Amino acid sequence: MKKLSEVHFVPPRPSNNLWRDEGVLVTLDVAKLDKAWRYNRVPEGGAEDLDTRFKYDRAKTWIGVDQKVELWATTVTKEDAEEALCFVEGRHSFAVLRDLGYVTIQAWVNKNEAAEIKRRYGPK
């Protein structure tokens, strides 16, 4: 079995930092996030459309196996009152981490939503 990369999550790049000073990094459960992901979903193993497949494959190659990786955190927000969320940025990277078997990730969320998102999707 190959060793997974050591991923260090950082806030999104300034141009994609939706909440700027109002954002925080939170640790979330990959399986719970995947279950709640509805909009713009990337299927396991990538997708058939070329653009999504290219972005998925590029993220998978970059994350790789058994290396240290600095990765911009996936940005998520509540989609609606149900158990659903929206990936604002980083859905391809999240899909790769999911498919490689990561159990938790850190995500960038609005401070006002952090407690509820951690309650719904945080590790137990």
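What you see below is based on every heavy atom in this structure, not just the backbone, and it leaves out hydrogens, waters and symmetry mates. Residue indices begin at 1 and follow the sequence shown. This structure is a prediction, so every number in the text was calculated from the model and none was measured.
Residue D21 places its CG atom among 12 or fewer non-hydrogen atoms of other residues, nucleotides or ligands, all under 6.0 Å distant. No more than 12 heavy atoms of other residues, nucleotides or ligands lie within 6.0 Å of NZ in K35, so this atom counts as exposed by the packing criterion.
The structure places CD of E6 at 11.5 Å from CD of E70, a figure rounded to the nearest 0.5 Å. Atom-to-atom distance recorded for Q106:CD and L71:CG is 10.5 Å, nearest 0.5 angstrom. L18 CG to W108 CH2: the interatomic distance, rounded to the nearest 0.5 Å, is 10.5 Å. Interatomic distance, CG of L28 versus OG1 of T74, reported as 9.5 Å (0.5 Å rounding). The CD1 atom of I117 sits 8.0 Å away from the CG atom of N110 when rounded to the nearest 0.5 Å. N17 contributes atom CG, which lies 10.5 Å from atom CD of E22 (distance to the nearest 0.5 angstrom).
F87 is not listed as a side-chain neighbour of T75, based on a closest heavy-atom distance of 4.5 Å or more. K32 has its side chain within reach of K124: a pair of non-hydrogen atoms, C-beta onward, lies under 4.5 Å apart.
Follow the hydrophobic side-chain contacts under 4.5 Å out from L4 and you reach V69 in the same cluster. Linking Ile, Leu, Val, Met, Phe, Trp and Tyr whenever their side-chain heavy atoms come within less than 4.5 Å puts V24 and I105 in one cluster. Grouping the Ile, Leu, Val, Met, Phe, Trp and Tyr side chains by contacts below 4.5 angstrom, directly or via other members, places L33 apart from W72. When hydrophobic clusters are built by joining Ile, Leu, Val, Met, Phe, Trp and Tyr residues whose side-chain heavy atoms come closer than 4.5 Å, directly or via intermediates, W62 is grouped together with V42.
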Could you please spell out the steps behind the side-chain contact (heavy atoms from CB on, under 4.5 Å) verdict for V30 and V103? CA-CA 5 Å; V30 170; V103 176; 5.8 Å; no
side-chain contact (heavy atoms from CB on, under 4.5 Å) between L97 and F9: does it pass, once the steps are laid out? CA-CA 12 Å; L97 293 168; F9 295 94; 3.9 Å; yes
Check against side-chain contact (heavy atoms from CB on, under 4.5 Å), L100 and K60: CA-CA 9 Å; L100 287 174; K60 188 171 184 180; 4.2 Å; yes
side-chain contact (heavy atoms from CB on, under 4.5 Å), that's the test. Do W19 and T77 meet it? Break it down for me. CA-CA 11 Å; W19 295 296; T77 189; 4.0 Å; yes
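Between F94 and W37, the ring-plane angle classifies as perpendicular under the 30° and 60° cut-offs.
Contact between A47 and T52 at its shortest, heavy atoms only, is CB-CG2, 3.6 Å.
Legend: side-chain hydrogen bond (donor to acceptor under 3.5 Å, both in side chains) pairs involving residues 86-105, not counting sequence neighbours, sorted by first then second residue: N16-E89, D34-R98, Y56-D99.
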